[in-house]
Undergrad: 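Shown below is the structure under consideration.
As the structure is a computational prediction, the values presented were derived from the model and not from experiment. Chain A is the first sequence line, chain B the second, and so forth, proteins listed ahead of strands; every chain is numbered from 1.
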Protein chains: 2
Amino acid sequence: MNLFSKTGKMALGSRLRLFTGRITDDAAKIYELYNVDFSPKWFPVFFVLSTDGAKTITEIADDIGHSQPSVTKIIKEMEAAGIVAGNQKSKDKRRNVVSLTEAGGALAEKVKVQSGDIEVAIDEIISEATHNLWEALAEWEYLLDQKSLLTRVQGQKKLRESRDVQIVPYEDRYQTHFRSLNEQWISTYFKMEPSDSLALDNPREAILETGGKIFVALYENVPVGVCAMIKLEDPEYDYELAKMAVAPAVQGKNIGMLLGETVIKTARELGASKIYLESNTILAPAIKLYQKLGFQKVVGRATPYERCNIQMELNLKG
Amino acid sequence: MNLFSKTGKMALGSRLRLFTGRITDDAAKIYELYNVDFSPKWFPVFFVLSTDGAKTITEIADDIGHSQPSVTKIIKEMEAAGIVAGNQKSKDKRRNVVSLTEAGGALAEKVKVQSGDIEVAIDEIISEATHNLWEALAEWEYLLDQKSLLTRVQGQKKLRESRDVQIVPYEDRYQTHFRSLNEQWISTYFKMEPSDSLALDNPREAILETGGKIFVALYENVPVGVCAMIKLEDPEYDYELAKMAVAPAVQGKNIGMLLGETVIKTARELGASKIYLESNTILAPAIKLYQKLGFQKVVGRATPYERCNIQMELNLKG
DNA sequence: TATATTTGCATAACTGATTATATAAATAGT
DNA sequence: ACTATTTATATAATCAGTTATGCAAATATA
C-alpha cells in the first residue's frame, strides 16, 4: 500500500518532491527521444525568449518565477550550446540582454512538435483520471497566493489551541496569578504605580465589590491570562477594560481575544453602552487586539496612570 | 497572466518543481512554528520508524521510495539530533538497524498534533478548490505506474508520425528505392544472393507479373519503406511477405507495421488464407513486428535463401 | 559635482535529492 | 575450505535549484 495514504497530508511536500522527480526524469528522456540537444530545465527560459524576443536576465527570472542566479546559470549553459546570445546592444552596461540565436529559433520549431505530442500524452492521462492535476495545480497556486499554507496552518493552530482555553470567573484562589501576570508585563515595560498595587493586592475589594468583574483564562487548566472590567462612575462610560495580562509562553494562542470578547459580551448583557480602556502605544500587539475587538481611539479623559498614552472606547449601541 | 497557461503542459515538470518548492518552504516554517527541532525531509523516515519500529537503512529506503544513500544521510542527521539510534543489535554486521530513541518517541506526540493542524489546513484548501490535488496525485502515481509518461509520449510520437506516412502501390519510378532500401539492410547483415538481384532488378517482371504486389511507404512524400507480397504456387500458402525494408533514419515511426498491415489487408481482399515469410532471428525488431502482426513460427518449407533461419505464417481464416 | 543609494548581474556556498562507486560482511558454489 | 558472488552501507560527485554576498554601473541626493 502507498506510504502517503498512511502518512496523511503532512507528507504533501515529500510526495510532491518524489512525483516531480518522476516527471522530470521522464522529461529528460523525452528530449532525448526527439534528438534535441536540450535540457528540460531550459524550457521556461527558452519559452519566454521565443515568445517575447530579447530580455534581460532579471526580466526572465521574474517571468518564470526563478531566482536571478538560476537564470544566469541557465543562460550560460544555453549560450555554450549556441541557443542564445547574451550581452546584446544596450547602453546600460549592467544589463545582459539575451535573445535566441538563429539555431535557437530553428530549435523552437522542433520543440513545438514535441510539445504537441506531450500535450496529447498528458491530456490522455488527465482524461483517464477523475481529478485533474493540471487544473488542481493552477487552483492551488491561486489559493496559496491568497493565503499561504503557513498562514492557514497558523490559523488552524490558534483555533485548536483556543479550544483548550477556558474563560472562567475570578475566584480568590486566582489572586496570586492576577497579581503576578500583571506585574510581569508592567515591570517589563514600565514601573508599578500606586493604583496598580491597590487593584492587584485587593481585587475583590477594588474591582468586584465596586460592581466590576474579573475573568481568568485557563490553558489546560492552568491560569495563564486575566482581564478585569471595572465599573466606572462616569456619565459616558459604563466599564473600563483593564488589567489584561497573558503569560508570554502562551501568547499567540488567541487568549487575549477570548478574554476581550468575554468582557464585551458580559458588558452587553449588563446593559452597558460604552467601554473604555487605557494603554500605551509601545504595546503594539495589545493595541492591535483592541482594534480587532472594535475599540477606537479617543482623547481627553483624565487618568491616574503615568504609562497611559492612548485611550480607546467601544460603543456597544452603535 | 500565469506563465504555465501559456507554455502548455510541456512545462509540467517546471511547474511542479516550483510548486513543490513553495510547499516545502512553508513546511520548514511550519516546523519552526511548532518549535520542533525537526527537518521536513526527515518526516517520511520518522514516520515509518514510529509506526513500524526498528528497520534497516535499505528497508526504510524501499518503504519511503528514496535511494539508500539518501536515507543514510537522513539517519545520520537524525542521529546527531538524538532522535534515532543506529547500529542496534543484529548478528549481521553489515546491517544498520535503526529505531527511534526515547526523545524520538516523545517527538512523535508533538508531531501528531502538528500533523492534525496541517491536515485540516490542507483539507480547507481542497474544499476551496474544485479539483482535488491530493487525489489527482494518487491517480497520477497509479497511472504512471501502469504506463510511464515517456511511453505515452513515445506512443503519441509514433501515432503522429504514422499520420505523415502514406502507403502507395508500386510504380516503376520507385524501382531504385525498392532496390537500394533492400540492398542496404541485406548487405549490412548478410550478403546479396542471386534471388535478391533477380527480384530487385526486375520487380515488375519478378513480382507483379506473377500475381504479386509491392507497396511503397512515403514519409513526407519521400519513399522510405517498401514491402512485397509474392504470389506463391504452393498448396498451403497464397502469398509470401518479402523484401520488406525501412530506411534506418525513419525507423521507429511504425512504418513497418503500416506496410505489413497493408499486405495483410490486401491478401485478405484477394481471398488468401495463409501468408508465409522467411527471415533471420538476428533481425530482432523485424521478428517482433511479424509477431505483432500475428505471424507464428513454422518449419519445413524449402527456401532458396541462405540467410533464412526462421519461417513464419499467418493464418487469415483462423 | 561629489557622494550615497539603487540596480543588474555574477559568483560562491548550501540544500535535498540523485547516480556511481568503494568496501566490508555474508552467502553460494566448487 | 577456499573463492566468487551478493548484499548492506557508506562515500563521492553531480544536479537543479536556492540564499548570501560582492562588484560595477546607473541614478538620486545634498
Undergrad: Please state how far atom NZ in Lys41(A) lies from atom P in dA17(C), giving the value in whole angstrom units.
TA: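 These atoms are roughly 19 Å apart.
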
Undergrad: Calculate the interatomic distance between Arg22(B) atom CZ and dT19(D) atom P; express it in whole Å.
TA: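 Answer to the nearest Å: 14 Å.
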
Undergrad: From dT9(D), dA17(C), dA10(C), pick the nucleotide closest to the side chain of Asn96(A)?
TA: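 When the side chain of Asn96(A) is considered, dA10(C) is the closest of dT9(D), dA17(C), dA10(C).
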
Undergrad: More than 12 heavy atoms of other residues, nucleotides or ligands under 6.0 Å from NZ of Lys112(A): is that the case?
TA: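 No.
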
Undergrad: Do any side-chain nitrogens or oxygens of Arg17(B) fall under 4.0 Å of OP1 or OP2 in dG17(D)?
TA: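 Result: yes.
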
Undergrad: Do the numbers put Lys157(A) on top of the ring of Tyr34(B), so that NZ or CZ is under 6.0 Å from the six-membered ring centre and no more than 45° off the axis?
TA: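 Yes - Lys157(A) lies over the ring of Tyr34(B), closer than 6.0 Å to its centre and within 45° of its axis.
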
Undergrad: So, are Arg152(B) and Glu128(A) salt-bridged, with charged N and O less than 4.0 Å apart?
TA: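 Salt bridge flag = yes for Glu128(A) with Arg152(B).
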
Undergrad: Just the atom pairs and distances: protein N or O near nucleotides 25-28 of chain D's N or O, under 3.5 Å.
TA:
residue	atom	partner	partner atom	Å
dA26(D)	OP1	Lys91(A)	O	3.2
dA26(D)	OP1	Lys93(A)	N	3.0

Undergrad: Tell me: CG of Leu16(B) to P of dG16(C), nearest whole Å?
TA: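 Nearest whole value for this atom pair: 20 Å.
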
Undergrad: Ile57(A) has an atom CD1; how far is it from atom C1' of dT7(C), in whole Å?
TA: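 Taking atom C1' of dT7(C) as the reference, CD1 of Ile57(A) is at 14 Å.
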
Undergrad: Apply ring pair (Phe, Tyr, Trp, His ring centres under 6.0 Å) to the pair Trp42(A) and Phe38(A), showing each step before the final yes or no.
TA: CA-CA 7 Å; Trp42(A) 297 349; Phe38(A) 197 94; 5.4 Å; yes

Undergrad: Measure from NZ or CZ of Arg22(A) to the centre of the six-membered ring of Trp140(B), then state whether that distance is under 6.0 Å and the direction lies within 45° of the axis.
TA: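 No - Arg22(A) does not lie over the ring of Trp140(B) by the 6.0 Å and 45° rule.
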
Undergrad: For DNA chain C, find the residues of residues 67-76 of chain B with a heavy-atom distance under 4.0 Å and give them by number; none if there aren't any.
TA: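 Within residues 67-76 of chain B, the residues near DNA chain C are Ser67(B), Pro69(B), Ser70(B), Lys73(B).
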
Undergrad: Quickly work out the Arg95(B) CZ to dA10(D) P distance and round it to whole Å.
TA: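 Taking CZ of Arg95(B) and P of dA10(D), I get 13 Å after rounding.
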
